[in-house]
Q: 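What follows is a single structure, and I will ask about it in a moment.
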Amino acid sequence: MKRFNILWLLFILILLNSCGEDKENTTLQEYGFDTENKLNDQAAISEQNNTGNQGLKPYYVMNKQFGMPIGVMPIPSTWIKQEANAENILFEAPNGVKVYNEIFNSFFYSNSPQRNQFTLQSGGNVKPIKSLQLLINEELKPFIESQGGRYINQFPLPQLAQFDKQFNSYLFKSTPEQRQTDCVVTEWEGPDGKLSMVIVRYFIAQYTSIGGLDWGYTLNSLEAPKAEYESAKNTYINALLNFQINPQWVQTNNQYYAQAAQQSNAAHQQRMASIQAQGQQILAAGRARSQAMDNQYNAWRSNQAASDAGHAKYIDGIYERRNMTDASGNIYKVDGYENNVWMNHNNEYIATDNSLWNPNTDNTTNNYNWQHLEETDNGY
């Protein structure tokens, strides 16, 4: 019988999709996270227990760079943090539940072959974009099944996708981006009869001001005996959804990268001043070169604008989005084809085919003022 370890298989899959580069896959790698389990935070434990979730303890996600926690999530007191190990296990419980460290993979892609080539030369991964479902169907499923795993089921987890998007919105960006996130939970059975869950947290970050995009995914995985699987699955999803972000880390992180961007810009300005001081002849030559570069950039930007419009429609096609409008004429992009869509002032929406349901009269949702959206053909 083949040795079936879901995290090891995913790790091999990442290597196969990273052009053979030696990449470090550590927990929560997209933000450079490390983890540390602090058991002495009784206030945090009490706060979790007061919510009715007995037997929980706080698990702190630490940032090596700044030496402070990025945040904390609630995990069962029976989940024990493991030291570095060959199987990359993060938590293990006496009942056979294993939670593995996150692994992360990302790619860059542009309609400009020059930018793609520059990214490759700089050590980055370049790959045309795939939708989340194509990623699962064409890469995840065939690989795990070839190693003896059996696909069982999948279901969306939009709450975690929304959390990822909100988390990212807190972080400093030197280049403006438009970000979309999605999340699907896939479930598997191994040759040994144990069940596994792989959460695929997918993102696309478009850089409309300079062209191109980053896309990729984070994988969270868990393995458990059949008798323990459902409880462990729900517990782990709950822990991820209830991750509490440390505002002090957000402030420190953003100040650091804003200062780095400012210093980079200042160095650029100093180089430009040096060039100007070299004399009229060199300055005139520099102006000529600059004009030529401007002409080239303007031509590229004109072509890119047309390409971006087409690409936006392509992204909408992937996610089956449509344009909806509110009573004021504002246009929003909404996933799916449900007949009734309601939106609150936070731009959060609920879509349903039930024409009789109104979130303003539902006790579970009427803490917001919801307005009904109508479908429109405007937007492109």
Side-chain angles (χ1 to χ4, degrees), residues 2 4-21 23 25 29-30 100 102-109 111 116 125-165 179-206 213-224 229 233 236-237 240 310-322 333-338 351:
K2 290 184 178 179
F4 186 87
N5 178 298
I6 193 71
L7 191 279
W8 177 249
L9 296 180
L10 297 175
F11 180 73
I12 296 298
L13 179 64
I14 292 295
L15 292 181
L16 293 175
N17 283 279
S18 301
C19 304
E21 294 181 32
K23 289 189 171 292
N25 290 286
Q29 186 185 355
E30 183 175 9
Y100 297 94
E102 290 185 350
I103 54 178
F104 171 76
N105 204 15
S106 67
F107 309 93
F108 174 82
Y109 190 72
N111 292 326
N116 291 337
N125 293 327
V126 173
K127 187 175 183 178
I129 189 171
K130 280 190 177 183
S131 70
L132 174 54
Q133 193 57 53
L134 279 178
L135 189 71
I136 293 171
N137 291 342
E138 296 181 359
E139 298 187 16
L140 191 63
K141 277 186 181 180
F143 184 78
I144 295 181
E145 288 173 347
S146 72
Q147 303 300 311
R150 183 175 69 87
Y151 171 80
I152 299 176
N153 182 43
Q154 71 178 55
F155 58 90
L157 191 59
Q159 302 95 322
L160 191 54
Q162 180 61 32
F163 169 83
D164 288 342
K165 187 173 184 178
R179 195 173 189 93
Q180 295 96 37
T181 57
D182 201 358
C183 183
V184 165
V185 180
T186 63
E187 298 180 286
W188 310 82
E189 182 176 6
D192 57 1
K194 292 182 179 179
L195 299 180
S196 299
M197 169 182 69
V198 179
I199 303 175
V200 187
R201 300 161 71 171
Y202 178 86
F203 77 94
I204 301 172
Q206 292 181 270
L213 57 84
D214 285 315
W215 70 280
Y217 50 90
T218 297
L219 303 178
N220 296 89
S221 54
L222 172 146
E223 179 185 83
Y229 174 72
K233 175 182 72 174
Y236 189 33
I237 290 175
L240 294 173
H311 188 71
K313 291 182 179 179
Y314 171 67
I315 294 297
D316 284 351
I318 290 176
Y319 287 98
E320 299 182 339
R321 286 195 292 252
R322 55 190 170 142
K333 291 190 180 298
V334 175
D335 296 329
Y337 297 100
E338 287 83 358

Q: So, for Phe107 and Tyr217, which heavy atoms are closest and what is the spacing to 0.1 Å?
A: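 The answer is CE1-CE2, 4.2 Å.
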Q: Roughly how far, to the nearest 0.5 Å, is OG of Ser131 from CG of Asn137?
A: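 Output value for this atom pair is 8.0 Å.
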Q: If I take atom CG from residue Leu222 and atom CD from residue Glu187, how far apart are they, to the nearest 0.5 angstrom?
A: 10.5 Å
Q: If we only count heavy atoms from C-beta on, is the Thr181 to Gln162 side-chain gap below 4.5 Å?
A: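 No - every pair of side-chain heavy atoms lies 4.5 Å or more apart.
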Q: Taking the side chain as everything from C-beta on, heavy atoms only, tell me whether Ile237 gets closer than 4.5 Å to Met197.
A: yes
Q: Any side-chain heavy-atom pair from Phe163 and Arg201 closer than 4.5 angstrom?
A: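 Yes, their side chains come closer than 4.5 Å.
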Q: Could you give the distance from CZ (Phe104) to CG (Leu219), rounded to the nearest 0.5 Å?
A: 10.5 Å
Q: Heavy-atom distance under 4.5 Å between the side chains of Leu157 and Gln159, does that happen here?
A: yes
Q: If you compare all heavy atoms of Asn116 against all heavy atoms of Val126, which two are closest, and at what distance to 0.1 Å?
A: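 Heavy atoms only, the tightest pair is O-CG2, 3.4 Å.
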Q: Between Thr218 and Phe203, is any pair of side-chain heavy atoms under 4.5 Å apart?
A: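 No, every pair of side-chain atoms sits at 4.5 Å or beyond.
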Q: About how many Å separate CD of Glu145 and CZ of Arg150, when rounded to the nearest 0.5 Å?
A: 10.0 Å
Q: Between the side chain of Ser196 and the main-chain N/O of Trp188, is any donor-acceptor distance below 3.5 Å?
A: no
Q: Main chain of Lys127, side chain of Trp215: is a donor-acceptor contact present, judged purely on distance under 3.5 Å?
A: yes
Q: Between Lys165 and Arg179, what is the shortest heavy-atom contact and its length?
A: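 Nearest heavy atoms, Lys165 then Arg179: CE-O, 3.3 Å.
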Q: Report yes if some heavy atom in the side chain of Ile144 is under 4.5 Å from a heavy atom in the side chain of Thr186; otherwise report no.
A: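 A side-chain contact under 4.5 Å is absent here.
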Q: Please name the pair of heavy atoms, one in Ile136 and one in Pro142, separated by the smallest distance, quoted to 0.1 Å.
A: O-CD, 4.1 Å
Q: Quick one: pull up CG in Asn125 and CZ in Phe108 and give me the separation to the nearest 0.5 Å.
A: 12.0 Å
Q: Determine the minimum heavy-atom distance between Tyr202 and Ile129, stating which atoms define it.
A: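 Closest heavy-atom pair between Tyr202 and Ile129: OH-CG1, 3.8 Å.
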Q: Got Leu160 and Val185 here, is their nearest side-chain heavy-atom distance under 4.5 Å?
A: no
Q: How many angstroms lie between CG in Leu140 and CD in Gln154, if you round to the nearest 0.5 Å?
A: 9.5 Å
